[in-house]
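FYI, side chains are in, hydrogens and waters are out, and symmetry mates aren't considered; it's all heavy atoms of this structure. Each chain gets a letter, A, B and so on, in the order the sequences are listed, and its residues count up from 1.
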Protein chains: 4
Amino acid sequence: MADADKKRSDKRERILDGALKAFAKKGFYNTKVSEIASEAGVADGTIYLYFKNKDDLLISLFEDRMEWIIDRLKTELSDMEGGAVAKFRHMVTIHCRLAVENPELAEFITVELRQSAKFVKEYENPKFGDYLKILQSLIEEGQQTGAMRDDVDVRLVSRACFGALDEVLLQLTLSQAGPEEVDAKAAQIAGMLVDGLVAK
Amino acid sequence: MADADKKRSDKRERILDGALKAFAKKGFYNTKVSEIASEAGVADGTIYLYFKNKDDLLISLFEDRMEWIIDRLKTELSDMEGGAVAKFRHMVTIHCRLAVENPELAEFITVELRQSAKFVKEYENPKFGDYLKILQSLIEEGQQTGAMRDDVDVRLVSRACFGALDEVLLQLTLSQAGPEEVDAKAAQIAGMLVDGLVAK
Amino acid sequence: MADADKKRSDKRERILDGALKAFAKKGFYNTKVSEIASEAGVADGTIYLYFKNKDDLLISLFEDRMEWIIDRLKTELSDMEGGAVAKFRHMVTIHCRLAVENPELAEFITVELRQSAKFVKEYENPKFGDYLKILQSLIEEGQQTGAMRDDVDVRLVSRACFGALDEVLLQLTLSQAGPEEVDAKAAQIAGMLVDGLVAK
Amino acid sequence: MADADKKRSDKRERILDGALKAFAKKGFYNTKVSEIASEAGVADGTIYLYFKNKDDLLISLFEDRMEWIIDRLKTELSDMEGGAVAKFRHMVTIHCRLAVENPELAEFITVELRQSAKFVKEYENPKFGDYLKILQSLIEEGQQTGAMRDDVDVRLVSRACFGALDEVLLQLTLSQAGPEEVDAKAAQIAGMLVDGLVAK
DNA sequence: GATGAATGAGGGTTCATTCAT
DNA sequence: TATGAATGAACCCTCATTCAT
C-alpha cells in the first residue's frame with residue numbers, strides 16, 4: 001500500500017521533473033506534452049493519469065516547486081538570529097542562490113511566472129502569494145521594530161522588491177554565475193534595497 | 001505618393017494596434033492571427049503584407065512601442081533641471097504612468113517582454129537594451145557626480161531597478177489605479193530605491 | 001507483436017490505397033490530404049504517423065507500387081522460355097495489362113510519374129530507374145545474342161520504348177479496354193517496336 | 001487602331017512567355033501567378049485582363065505553342081520531297097530538335113501535357129489532337145502507298161510513336177544535348193520506329 | 001487599360017487528449 | 001495502472017482573384 005503510494009508519487013515527481021526541464025528550456029507554449037513524457041520516461045497517456053491536462057501540469061509544478069522554495073526559505077529564516085533587516089538581507093541571498101542551486105527552477109520561475117500563469121484560465125497562484133507574504137511580513141516586522149521606514153505601503157514595496165529579485169535572478173541564471181559571484185551580487189542588491197542608491 | 005505611403009503606414013499602425021490590444025488581453029500564444037486581423041479591421045492575409053509572420057509581428061510591436069517609450073522618456077528627461085537623483089525619480093514616475101496613459105501597452109510589455117521574446121527565435125530585443133541603458137546612464141551620472149554610491153555594479157542595479165519598476169507597473173495596471181495613486185506609488189518606489197528601506 | 005506490426009502495415013497500406021485512388025482520380029495537387037484520409041477511413045492526423053508529409057506519401061506510393069510492378073515483371077520474365085525478343089514482347093504485354101488489372105495504378109503512374117515526381121524536391125525516383133533497367137537488360141541481351149540490332153544506344157531506345165508503352169498504357173486505361181483488346185493492342189505495339197513500321 | 005492591337009498582343013505574348021518560362025522551371029502547380037507577372041514585367045492584375053484565370057493561361061499557352069509547332073512542322077513537311085517514310089523520319093528529327101531550339105517549350109510540353117491538361121477541368125486539348133493527326137496521316141499515307149505495314153491500328157501506333165518521341169525529347173532536353181547529338185539520336189529513334197529493333 | 005494592395009477561402013500540418021488493449 | 005496509436009479540432013499562412021485608383 002505504502003509501496004504503491006510511493007511508486008505513484010515517484011512517477012508523479014518524474015513527470016514534474018520532466019516538465020520543469022522542458023518548460024525551462026523551451027517555455028510552456030513551445031513544449032509538447034510528448035516531450036515532457038519522453039523526458040520523464042513515461043508514455044504520453046500516463047501524464048493524464050496524474051494531471052488533468054497540460055495547464056494543470058503547469059499549475060501543479062508551480063505549486064510544488066513554490067512550496068519547496070517557501071519551506072526552505074522559512075526554515076532558513078526561522079533558524080536565523082538577528083532583526084528584520086538582517087533577515088531581509090538573507091532572504092535576498094537565498095532568492096539569488098536559486099540561480100546556482102537549481103538553475104532550471106530559476107529559469108522556469110522567472111520566465112513562466114507572469115505570462116503562463118496569467119493566461120492559464122483563472123489561476124490565482126496562491127503559492128506565489130505566500131512567497132510575497134513572507135517578504136511582506138519581514139518588512140512589516142522591520143517597520144514595527146522601527147528598523148524600517150514606515151512611510152511606504154508594505155504591499156507595494158514588497159512587490160517592488162520581488163520584481164528586483166526576480167529580474168536579478170533571471171540575469172544570474174542566464175549568465176551562469178558561480179556561487180561566490182551570486183552571493184556578492186545578492187549582497188549588492190540587498191544593499192541597494194536596504195540603504196538606497198544615494199551616497200551616504 | 002506621399003498619400004500611398006501614409007495609407008500604408010496607417011494600416012501598419014492599425015495592425016500593430018490590433019495586435020497590442022489582442023496580446024494584452026490574451027497573450028501572444030493565445031491570440032489568433034485572425035483575431036488581430038479582425039481587431040485591426042483588415043483581412044487575415046493583409047497582415048502578411050506588412051509582417052513576415054506572427055513572430056515578426058510581435059517583434060515589430062516591441063520595437064515600435066519601445067521606441068515610442070524611449071523617445072518620450074528621453075524628451076522628458078532632457079527637458080529636466082536637476083541632478084541624477086531627481087532625474088532617476090522622474091524616470092520612475094514616467095515608467096509608472098504608463099499604467100494610466102496606456103494600460104494595454106503596459107500590460108503587453110510587462111507580460112510578454114520576458115517569455116515571448118525569449119522564445120521567439122534568436123531575437124535580441126535591442127530596444128529593451130536601449131531602455132536599460134538610459135537607466136544605467138542615470139546611475140552612472142549619479143556616481144560620477146558623487147550623488148550616488150559607487151560601490152555597486154551599475155549593470156546589476158539598473159537591472160534590479162528595472163525589475164522593480166516592471167513589477168510595480170504590472171500591479172498598477174492590473175489594479176487600474178488612477179493618476180494620483182500612480183504618482184503617489186511611484187514616489188514611494190523612487191523613495192525606496194533612492195533612500196533604501198531602512199529608517200533614517 | 002507480430003499482430004501490432006501487421007496492424008500497422010495494414011493501416012499504412014490502407015492509406016496508400018486511399019492515396020492511389022485519390023491521386024488517380026484528381027491528381028496529386030488537386031487531392032486534399034483530408035480526402036485521402038477519408039478514402040482510407042482514418043483521421044487526417046493519422047496519415048502523419050505513417051508519412052512525413054504529402055510529398056512523402058506520393059514518393060512512398062511510387063516506391064511501393066513500382067516495387068510491386070517490378071517484382072511481378074521479374075517473376076513472369078524469369079519463368080519464361082525463349083530469347084530476348086520473346087521476352088521483350090512479353091514485357092510489352094505485361095506493361096499494357098496493367099490497364100486491365102489495376103487501372104487506378106495505371107492512371108497514377110502514367111499521369112503522375114513525370115510531373116509530380118519532377119517537382120517533388122530532389123526525388124530521384126530510383127524504382128523507376130529499376131524498371132528502365134529491366135528494359136535495358138532485355139535489349140542488351142538481344143544485342144549480345146545477335147537477335148537485336150546493335151547500332152543503337154541501348155539507353156536511348158529503352159527510354160523510347162518506355163515512352164511508347166507509357167503512352168499506350170494511358171490510352172488503354174482511359175478507353176477502359178477489355179483484356180482481349182489490351183493483349184491485341186500490346187501485340188501490335190510489340191510488333192512495331194520489334195519489326196518496325198515498314199512493310200516487309 | 002492597329003497600333004493598339006499590336007500593343008495588346010505584345011503584352012499578351014509577354015505574359016505567355018513569362019508563363020512558359022515559369023511553368024518549365026517549376027511546373028504549373030508550383031508557379032504563382034505573381035511570378036508569371038513579374039517574369040512578364042506586368043502587374044498581377046494585368047494577367048486577368050488577358051486571361052480568365054490561371055487555368056485559362058495554361059490552356060492558352062498550350063494552344064498558342066502547339067499551333068506554332070504544328071505550323072512549323074507542316075511547313076517543313078510540305079516543303080519536303082520523298083515518301084511517307086522519309087517524312088516520318090524527318091518528323092522525328094523535327095520533334096527532337098525542339099530540345100535544342102526551344103528547351104523551355106520542350107520541357108513545358110513534355111512535363112505539363114499529360115497531367116496539368118488532364119486535371120484542368122474538361123479541357124480537350126484540340127491542338128494536341130492536331131499534332132497527333134499529322135503523325136497519323138503520315139502513317140496512313142505510308143500504308144496507302146504500301147510503304148508501311150497495314151496490319152496495325154494507325155491511331156494506336158501513332159500514339160505509341162508520340163509517346164516514344166515525347167520521352168526522348170524530355171531526355172534530350174534535360175541532358176542539354178547539342179544539335180549534332182540531337183540529330184544523331186533522332187535518327188536512331190526514327191530507325192527503331194521504322195525498321196524495328198530486330199537485327200536484319 | 002494598368003496597377004498592386006487587399007481579400008479570404010482553403011489546406012497542410014500540429015498536437016493535446018482519448019481509449020482500446 | 002500504463003501504453004501509444006489514433007483522433008480531429010484548430011491555426012498559420014498562401015495565393016488566385018478582385019477592384020478602387
Side-chain angles (χ1 to χ4, degrees), chain A residues 4 7-8 11 15 28-38 40-57, chain B residues 3-4 7-8 10-12 15 29-38 40-57, chain C residues 3-4 7-8 10-12 15 29-38 40-57, chain D residues 4 7-8 11-12 15 29-38 40-57:
Chain A
K7 213 167 163 185
R8 177 172 170 84
K11 190 159 282 187
I15 294 170
F28 177 74
Y29 289 103
N30 292 305
T31 298
K32 295 174 216 164
V33 171
S34 65
E35 289 172 344
I36 298 172
S38 113
V42 301
D44 293 15
T46 304
I47 289 184
Y48 292 85
L49 296 174
Y50 293 86
F51 303 94
K52 199 147 49 73
N53 51 37
K54 196 185 172 192
D55 282 3
D56 182 40
L57 179 50
Chain B
D3 252 27
K7 213 166 163 185
R8 180 170 168 82
D10 275 2
K11 189 154 286 188
R12 190 187 135 96
I15 293 170
Y29 289 104
N30 292 304
T31 298
K32 289 173 245 180
V33 170
S34 65
E35 289 172 344
I36 298 171
S38 109
V42 300
D44 293 16
T46 304
I47 291 186
Y48 294 87
L49 296 176
Y50 293 86
F51 303 95
K52 204 150 42 77
N53 51 36
K54 199 185 168 193
D55 281 4
D56 182 40
L57 179 49
Chain C
D3 252 29
K7 214 166 161 186
R8 180 172 168 82
D10 276 3
K11 188 155 288 187
R12 188 186 137 96
I15 294 170
Y29 289 104
N30 292 305
T31 298
K32 291 173 243 180
V33 171
S34 64
E35 289 172 345
I36 298 171
S38 108
V42 300
D44 293 15
T46 304
I47 291 185
Y48 293 87
L49 296 175
Y50 293 85
F51 303 95
K52 204 151 40 75
N53 50 37
K54 198 186 170 192
D55 281 3
D56 182 40
L57 179 50
Chain D
K7 212 168 166 186
R8 177 172 170 83
K11 190 159 283 189
R12 188 186 137 96
I15 294 170
Y29 289 104
N30 292 305
T31 297
K32 296 174 216 163
V33 171
S34 64
E35 289 172 343
I36 298 171
S38 113
V42 301
D44 294 15
T46 304
I47 289 184
Y48 292 85
L49 297 174
Y50 293 85
F51 303 93
K52 199 147 49 72
N53 51 36
K54 196 184 171 192
D55 282 3
D56 182 40
L57 179 50

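- Rounded to a whole Å, the CG atom of Asp55(C) is 13 Å from the C1' atom of dT13(E).
- For the pair Lys11(C) and dA6(F), the criterion of a side-chain N or O lying under 4.0 Å from OP1 or OP2 is met.
- Checking side-chain atoms of Lys54(A) against main-chain N and O of Phe28(A) turns up a donor-acceptor pair under 3.5 Å.
- A straight line from CZ of Phe51(D) to C1' of dT18(F) spans 18 Å, rounded to a whole angstrom.
- As rounded to whole Å, 10 Å separates atom P of dC12(F) from atom CD1 of Ile47(B).
- Residue Asp44(A) contributes atom CG, which lies 16 Å from atom P of dC19(E) at whole-angstrom precision.
- Within the model, atoms CD1 of Ile47(C) and NZ of Lys52(C) stand 15.0 Å from one another, a figure rounded to the nearest 0.5 Å.
- Pairing for dT7(F) is with dA16(E), a Watson-Crick or G-U wobble pair whose two hydrogen-bonding atom distances lie under 3.5 Å.
- Among dC11(F), dA16(E), dG8(F), the nucleotide with an atom closest to any side-chain atom of Lys32(B) is dC11(F).
- Taking NZ of Lys32(C) as the reference point, atom CG of Asp44(C) lies at 11.0 Å (rounded to 0.5 Å).
- When distances run from any side-chain atom of Lys54(A) to the nucleotides dT3(F), dG8(F), dA16(E), the shortest one goes to dA16(E).
- Closest non-hydrogen pair, Tyr48(A) versus Asn53(A), comes out as CE2-CA, 3.8 Å.
- Each of dT7(F), dT3(F), dT3(E) was ranked by its minimum atom distance to the side chain of Thr46(D); first place goes to dT3(E).
- Along DNA chain E, the nucleotide nearest to Gly45(C) and the one nearest to Lys52(A) differ in position, and the one closer to the 5' end is contacted by Gly45(C).
- Taking atom CG on Asp10(C) and atom P on dA6(F), their separation rounds to 11 Å, with Å as the unit.
- Rounded to a whole Å, the OH atom of Tyr29(B) is 17 Å from the C1' atom of dA10(F).
- At the heavy-atom level, Thr31(B) lies under 4.0 Å from the strands shown only through sugar-phosphate atoms.
- When each of dT17(E), dC12(F), dA16(F) is scored by its nearest atom to the side-chain atoms of Asn53(A), the top-ranked nucleotide is dT17(E).
- Computed from coordinates, the Arg12(D) CZ to dA2(E) P distance equals 14 Å when rounded to whole Å.
- Nearest nucleotide to the Tyr48(C) side chain, out of dT13(E), dG8(F), dT3(F): dT13(E).
- Of all nucleotides listed (dA6(F), dT17(E), dT7(E)), dT7(E) comes nearest to the side chain of Leu49(B).
- Within the nucleic acid shown, Tyr50(C) comes within 4.0 Å of sugar-phosphate atoms alone, with no base atom in reach, counting heavy atoms only.
- Under the Watson-Crick or G-U wobble criterion, with both distances below 3.5 Å, dT21(E) is paired with dA2(F).
- For the side-chain contact (heavy atoms from CB on, under 4.5 Å) with Leu57(B), the lone residue among Ile36(B), Val33(B), Thr31(B) that qualifies is Ile36(B).
- Following rounding to the nearest Å, Leu57(B) (CG) and dC11(F) (P) show an atom-to-atom distance of 16 Å.
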